[in-house]
Asks: 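The following block contains the structure, expressed as structure tokens.
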Number of protein chains: 2
Amino acid sequence: MPTVSSEELAAAAGVNSAKLRKDFSYLGSYGTRGVGYDVEYLVYQISRELGLTQDWPVVIVGIGNLGAALANYGGFASRGFRVAALIDADPAMAGKPVAGIPVQHTDELESIITDNGVSIGVIATPAGAAQQVCDRLVAAGVTSILNFAPTVLSVPDGVDVRKVDLSIELQILAFHEQRKAGEEAGATAAADSAAVPAAPRTDSATDQGPDGDVPAVMPA
Amino acid sequence: MPTVSSEELAAAAGVNSAKLRKDFSYLGSYGTRGVGYDVEYLVYQISRELGLTQDWPVVIVGIGNLGAALANYGGFASRGFRVAALIDADPAMAGKPVAGIPVQHTDELESIITDNGVSIGVIATPAGAAQQVCDRLVAAGVTSILNFAPTVLSVPDGVDVRKVDLSIELQILAFHEQRKAGEEAGATAAADSAAVPAAPRTDSATDQGPDGDVPAVMPA
DNA sequence: ACATGTGAACAGCTTCACAGCT
DNA sequence: AGCTGTGAAGCTGTTCACATGT
């Protein structure tokens, strides 16, 4: 399939075709009227705009289960990410290969960053070590940090941090799950009122307390 | 601090205080005029609305590095999630404890789901096994799935799927990183034109080809 | 006096609809 | 004839500003 229309792409993505065309138009005019978009050319242009055609060396700090999982993750290489180094504070880990890459000790952090021109760091350490690792990464020249540790990192201006909380996605599922259950069976879930903190007390007789509080439901 | 105002919360969260009040108002009227919101009461009401006060048994299927990392993840318990079982297809894993929970074989999947009343499943298998695992989870009664495998799962209506792609966050960072670099040094990144697929050829003399295409920059 | 809760104004994003090009 | 690219219309989500309640 050498060419594709906005209608086809929109159907596949589940969005409106006008929106898709307008979004593409922000990148430039890469389509041909009466024909559609040349697939290979479009893929390249989008990839380039997203930065996928560049080589991004990254370091992963904290090689526990999560760090190892990230090091083994296949999706990185195909998107331009290259794991330049794995770093861990445990001297016993040093030299051990994980995903074919030998783990290096935290002492080497600064030289690794500098020598490889790394601007993106991944923190997969325990919460207690995260801020300190972050500070060292930033001092060594890293300007983008992906944080898996359950801590809010503070960084100077000009440094981007994205925090990944693995339980937030579960919370979203649980939220919808709760809704599903609620639709079938009424508000049975609000029954364990023993654990409910009392509402701030007032003299008003209109305060019905938690049991009566079935909150207004948000639209969709 | 027993009480907090929308102004304080908004400042802490980096949003507008009117938005915060309007959002809270969808859950009910949990504030007191002239005073603010009772912290403990507000926390409880939000927790309940999000489903955090319920007990959610979950199963994790695929106990590789990522599955193990998830099993060890501390953030789950405090949000009402309880790891009911760890499941893996490798018979050699069966019985081995991970995060204090013995791994069970895939053969037991259906009975585990049923016996524990599990409605949320986490898939951390390789891509090839994901759809099959998904089908078995759904058939056994699971209605929400968190998918870490790099596959798009197809499920019947009424089942929610959320896909977590660990490289997407890195892509977002790389995108911003590219922008930072572009601002300082002009469009040096578009130089490797050897790898650029040719634009669809036309007879028009106005087609400048990829080198001239510096796409319009999106606002913000 | 002070802070919530909310109608009304505003802004930004999405969709429509069609001119313009192949 | 067909499909893109885009002004204009429409809509959704945000912010203002103040009436209302403590």
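A, B, ... follow the sequence lines: proteins, then strands. Residue 1 opens every chain.
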Asks: Specify the separation, in whole Å, of atom CG of Asn16(B) and atom P of dA17(D).
Replies: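 It is 11 Å, rounded to the nearest whole Å.
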Asks: Mind calculating the distance between CG (Asp23(A)) and P (dG12(C)) to the nearest angstrom?
Replies: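 That distance rounds to 17 Å.
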Asks: Examine Tyr41(B) together with Tyr30(B) and report whether their ring centres are nearer than 6.0 Å.
Replies: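 Ring centres of Tyr30(B) and Tyr41(B) closer than 6.0 Å.
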Asks: Whether the side chain of Arg33(B) and the base of dT22(D) hold a donor-acceptor pair under 3.5 Å is what I'd like checked.
Replies: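 Side chain to base: no pair present.
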Asks: For Gln132(A), does the CD atom sit with more than 12 other heavy atoms under 6.0 Å from it, leaving out its own atoms?
Replies: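 No, because the 6.0 Å sphere around CD of Gln132(A) holds 12 heavy atoms or fewer from other groups.
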Asks: Mapping Val15(A) and Arg21(B) to their closest nucleotides on DNA chain C, which lands nearer the 5' end?
Replies: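 Between the two, 5'-proximity favours Arg21(B).
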Asks: Check whether Lys180(A) reaches the backbone of Thr143(B) with its side chain - one donor and one acceptor, N or O, closer than 3.5 Å.
Replies: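 Between the backbone of Thr143(B) and the side chain of Lys180(A) there is a qualifying donor-acceptor contact (under 3.5 Å).
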Asks: Over how many whole Å does the gap from Tyr30(A) atom OH to dT22(C) atom C1' extend?
Replies: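 The distance from OH of Tyr30(A) to C1' of dT22(C) comes to 20 Å, rounded to the nearest Å.
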Asks: Taking Arg179(A) first and then Glu49(B), would you say they form a salt bridge - that is, a charged N and a carboxylate O separated by under 4.0 Å?
Replies: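 Salt bridge flag = yes for Glu49(B) with Arg179(A).
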Asks: Quick check: on DNA chain C, is the nucleotide nearest Lys22(B) upstream (toward 5') of the one nearest Ser5(B), or the reverse? Name the residue that is more 5'.
Replies: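 Nearest-nucleotide comparison on DNA chain C picks Ser5(B).
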Asks: Can Thr53(A) and Arg48(A) be counted as having a side-chain donor-acceptor contact under 3.5 angstrom?
Replies: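 No pair is found: no donor N or O on one side chain lies under 3.5 Å from an acceptor on the other.
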Asks: Rounded to the Å, how far apart are Leu9(B) CG and dG5(C) P?
Replies: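 So the two atoms are 12 Å apart, to the nearest Å.
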Asks: To the nearest angstrom, how far is Leu20(B) atom CG from dT14(D) atom C1'?
Replies: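 Nearest whole value for this atom pair: 13 Å.
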Asks: Look at the side-chain N and O atoms of Ser6(B) and state whether any lies under 4.0 Å from the OP1 or OP2 oxygen of dT4(C).
Replies: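 For dT4(C), OP1 or OP2 has a side-chain N or O of Ser6(B) closer than 4.0 Å.
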Asks: Atom CD of Glu7(B) and atom P of dT4(C): how far apart are they, to the nearest Å?
Replies: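 Atom CD in Glu7(B) sits about 8 Å away from atom P in dT4(C).
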Asks: Could you state the CD-P distance from Glu8(B) to dC2(C), rounded to the nearest angstrom?
Replies: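 After rounding, the reported distance stands at 14 Å.
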Asks: If I take atom CG in residue Leu27(A) and atom C1' in nucleotide dG5(D), what distance separates them, rounded to the nearest angstrom?
Replies: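 Taking CG of Leu27(A) and C1' of dG5(D), I get 13 Å after rounding.
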Asks: Taking only N and O in the side chain of Tyr37(A), is any of them less than 4.0 Å away from OP1 or OP2 of dT22(C)?
Replies: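 For dT22(C), OP1/OP2 do not have a side-chain N/O of Tyr37(A) under 4.0 Å.
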Asks: Taking OP1 and OP2 of dT14(C), is either one under 4.0 Å from a side-chain nitrogen or oxygen of Lys19(A)?
Replies: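 Looking at the OP1 and OP2 atoms of dT14(C), one of them is under 4.0 Å from a side-chain N or O of Lys19(A).
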